[in-house]
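A note on names: the letters A, B, ... follow the listed sequences, proteins ahead of strands, and every chain is numbered from 1. Keep in mind that this is a model prediction, so the values were computed, not measured.
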2 protein chains.
Amino acid sequence: MAVAKVLENPDLESALRTIKEGLARNHLLIVIGECYIDYEGRSASKLGLGERMVIVKQDGAVLVHRPKGYSPVNWQPSTTTIEVWLRSGEGLSLMAVRNRPREYLRILFTRIFLIIEGVFHDAAEFVMYLSESEIRDIIFDNPDLLEPGFKPLEKEKRIGQGAVDIFGLDSNNNHVLVEIKRVMGDRDAVFQLYNYVENYKSGVNSNVRGILLAPSFTPGALELLAKLKLEFKEIDLKKLRMLSQSGRKKPDSTLLEYMNDGRKG
Amino acid sequence: MAVAKVLENPDLESALRTIKEGLARNHLLIVIGECYIDYEGRSASKLGLGERMVIVKQDGAVLVHRPKGYSPVNWQPSTTTIEVWLRSGEGLSLMAVRNRPREYLRILFTRIFLIIEGVFHDAAEFVMYLSESEIRDIIFDNPDLLEPGFKPLEKEKRIGQGAVDIFGLDSNNNHVLVEIKRVMGDRDAVFQLYNYVENYKSGVNSNVRGILLAPSFTPGALELLAKLKLEFKEIDLKKLRMLSQSGRKKPDSTLLEYMNDGRKG
DNA sequence: ACATCTATATCGCCC
DNA sequence: GGGCGATGTAGATGT
């Protein structure tokens, strides 16, 4: 059962009791109300009175959401201890503390509209397609996608402090370092590749090629690639996705069917 | 008024009606239920049946939260169009589509435990202390914190494609570029500074110093700074915070008072 | 525990 | 609108 309790317009004493009970049971809590928020830790912030939604998850993660936008205005990731108390004339406080790094989040409610307490049963597996590591594996298994005659030898080869995605030899036995980006390649990606190539060069006595693989490139990245004498190649994510899907169990096609139908029933 | 409607254990037809009404009014919606989720866009993902909480914000942002953790398992940032429909034998679908980049998020509910519809009034200003730009301003106004005799001349000076945080002259009239990080300085930060210095050097005929300012540095960053003949200096955030607070209206001290008291009333 | 890197990063600023 | 850089980035991974 997902929702255990719904409490509308409670006075702050009832709210305190309900929140304490929910926390003790490690249930998920949603508290909607008017509040002030203070944060102090790696940085510090302050937010004046307003209506917001506070979520305390079953692992103690705390999120404070305003009416708009993807990001919570304040939050605390899961490793927290949570205290709640009531001080007359002030309101109901919820304080979430994290140790590493040491951070304090305090929410001071002056008024509460709604409290929901629940337990969520959710054991389903989350499957993500075409992550960067998956692209790397596909290129490794289909090296001609990079260039004819490429012989991949090692994934995630440690170089200096980092690891280059693919190391291998081209048809002339030049050493090749391949850096892969799943999104548009930018100057940072070029610097990363440059760092690998320079680091690697210092250890060997042969020609070393660096290739940046991405679905597209910013002008700044292309300019820098030329300046640093590095190479690049576009990858076709759609093509890769098809290669990826043919190699394993077919995913549900409900979404694609909808998109192809263009209707909503 | 924040909460306009609470609907417990609705059948899917009532749920459809309520959600459609809420969307039409641009209200915030919370839907708690059992659902499948498909996403396709920059990447693609699939999530099997489980109990989750879906938030549709007043700007159309959609968040799907599982019982644990800071991050939503699936989401759609604000610029979306949202459709909802019911197909018998399947369930209630909510589809959020974004155009740039083109992305689809479909949530298929088989069962709904709770729907909340509300309007949040929240005009309060969010104030963040000691962001990077604030550190920059403090250094600019207190140049001796960098080194005695430093004369800052320009903030956010455009160099190439980016902008260096502070440009100025040292006591020997050398040109100085200062890059500031409010977190531990890493190799990326050094590359960023290096890029500014090289770019700037090509335009002038004098000595150019590059200084990385951060509260601490990774070993990799220190190594790279030496190799690239760049400088670094530690900044004391605690000291800066005091300078920052003395220079403007005093922030609420409720949180600090609590921390000093060590009690919860 | 620490350093490094990825992300459907998101968000905001400036050209 | 695209590029670029900051973020209390969070979270995963390797050492």
Side-chain angles (χ1 to χ4, degrees), chain A residues 39-45 61 63 68-79 98 100-105 128-133 135-136 156 158-165 179-189 192 195 216-223 237, chain B residues 39-45 61-64 68-79 96 98-105 126 128-136 156 158-165 179-189 192 195-196 216-222 237:
Chain A
Y39 153 74
E40 181 146 346
R42 287 165 292 180
S43 184
S45 73
L63 307 171
K68 293 181 181 183
Y70 164 88
S71 306
V73 63
N74 280 109
W75 68 92
Q76 199 72 283
S78 52
T79 47
R98 180 153 75 129
R100 233 175 331 273
R102 188 73 177 175
E103 301 199 290
Y104 302 82
L105 174 66
M128 174 78 78
Y129 303 116
L130 271 198
S131 60
E132 188 178 287
S133 62
I135 296 175
R136 181 201 61 205
E156 296 298 324
R158 304 289 308 178
I159 294 178
Q161 313 264 358
V164 74
D165 290 314
E179 179 62 27
I180 298 169
K181 289 293 156 197
R182 210 184 40 69
V183 294
M184 187 182 285
D186 57 11
R187 288 187 308 119
D188 268 6
Q192 204 178 331
N195 192 35
S216 60
F217 302 86
T218 66
L222 291 173
E223 190 187 327
L237 287 184
Chain B
Y39 154 73
E40 182 147 346
R42 287 165 292 180
S43 184
S45 72
V62 178
L63 306 171
V64 183
K68 293 181 180 182
Y70 164 88
S71 308
V73 64
N74 283 107
W75 69 91
Q76 199 76 279
S78 54
T79 47
R98 179 152 75 129
N99 284 324
R100 237 175 327 275
R102 188 72 177 176
E103 302 198 290
Y104 302 83
L105 174 65
F126 180 68
M128 174 77 77
Y129 302 118
L130 271 199
S131 63
E132 188 180 286
S133 64
E134 198 176 351
I135 296 175
R136 182 202 61 205
E156 295 298 323
R158 305 288 307 179
I159 294 180
Q161 314 260 358
V164 75
D165 290 314
E179 178 62 27
I180 298 170
K181 293 293 158 195
R182 53 172 299 290
V183 295
M184 187 182 284
D186 59 9
R187 288 187 305 118
D188 270 4
Q192 204 179 328
N195 191 37
Y196 291 138
S216 61
F217 301 87
T218 66
L222 291 173
L237 286 185

Spacing of the P atoms in C/dT4 and C/dT8 (rounded, Å): 23 Å

ask   = If you measure from the P atom in C/dC5 to the same atom in D/dG8, how many Å do you get, rounded?
value = 22 Å

Heavy atoms only, 4.0 Å cut-off, all strands: where does A/S45 land among base, sugar-phosphate and nothing?
nothing

Report task. Answer with base, sugar-phosphate or nothing: what part of the nucleic acid does B/P101 contact at a heavy-atom distance below 4.0 Å? Result -> nothing

Which nucleotide in the set [options] lies at the smallest distance from any side-chain heavy atom of [X]?
X: A/R187; options: C/dA3, D/dG5, D/dG8; answer: D/dG5
X: A/L105; options: D/dG8, D/dA6, C/dT8; answer: D/dG8
X: A/R42; options: C/dT6, D/dT9, D/dG2; answer: D/dT9
X: B/Y70; options: C/dC11, C/dT8, D/dA10; answer: D/dA10
X: B/R100; options: C/dT10, D/dG8, D/dG2; answer: D/dG2

Does [X] have a side-chain nitrogen or oxygen under 4.0 Å from the phosphate oxygens OP1 or OP2 of [N]?
X: B/Y196; N: D/dG5; value: yes
X: A/T218; N: D/dC4; value: yes
X: B/Q192; N: D/dA6; value: yes
X: B/R136; N: D/dG5; value: no
X: B/S71; N: C/dA7; value: no
X: A/R158; N: D/dG14; value: no
X: B/K181; N: D/dT7; value: no
X: B/R182; N: D/dT9; value: yes

* Base of D/dG8 paired with side chain of A/N74 (donor-acceptor, under 3.5 Å) -> yes

Donor-acceptor pair present, A/Q76 side chain and D/dG8 base, under 3.5 Å: yes

Decide whether B/E103 and B/Y39 meet the rule of one side-chain donor and one side-chain acceptor closer than 3.5 Å. yes

*asked:* Is it the case that over 12 heavy atoms from other parts of the model lie below 6.0 angstrom from the CZ atom of A/R102?
replied: yes

Measure from [atom1] on [X] to [atom2] on [N] and round the result to the nearest Å.
X: B/E134; N: D/dT7; atom1: CD; atom2: P; value: 11 Å
X: A/E103; N: D/dA10; atom1: CD; atom2: C1'; value: 12 Å
X: B/D186; N: D/dT7; atom1: CG; atom2: P; value: 13 Å
X: A/D165; N: D/dG14; atom1: CG; atom2: P; value: 13 Å
X: A/M128; N: D/dG11; atom1: CE; atom2: C1'; value: 12 Å
X: B/N99; N: D/dG2; atom1: CG; atom2: P; value: 12 Å
X: B/F126; N: C/dG12; atom1: CZ; atom2: P; value: 11 Å
X: B/I135; N: D/dG8; atom1: CD1; atom2: C1'; value: 12 Å

If you measure from the Lys or Arg side-chain nitrogens to the Asp or Glu carboxylate oxygens, is any gap between B/E132 and B/R182 under 4.0 Å?
-> no

Interatomic distance, CZ@A/R42 vs CG@B/L237, rounded to 0.5 Å, equals 12.5 Å

For A/N74 and A/S45, the nearest pair of non-hydrogen atoms, with its separation, is ND2-OG, 3.1 Å

In terms of heavy-atom contacts, B/V62 and B/A96 come closest through CG2-CB, 3.8 Å

Assert: residue with more 5' nearest nucleotide on DNA chain C, out of B/P77 and A/S133, is A/S133

By nearest-heavy-atom nucleotide on DNA chain C, the more 5' of B/G41 and B/M184 is B/M184

Verify, without hydrogens or angle tests, whether A/S78 (side chain) and A/A61 (backbone) share a donor-acceptor contact under 3.5 angstrom. no

Heavy-atom nearest nucleotide on DNA chain D taken for B/E132 and for B/Q161; more 5' hit belongs to B/Q161

Ranking A/W75 and B/G69 by the position along DNA chain D of their nearest nucleotide, the one closer to 5' is A/W75

The Watson-Crick or G-U wobble partner of D/dG11, with both key distances under 3.5 Å, is C/dC5

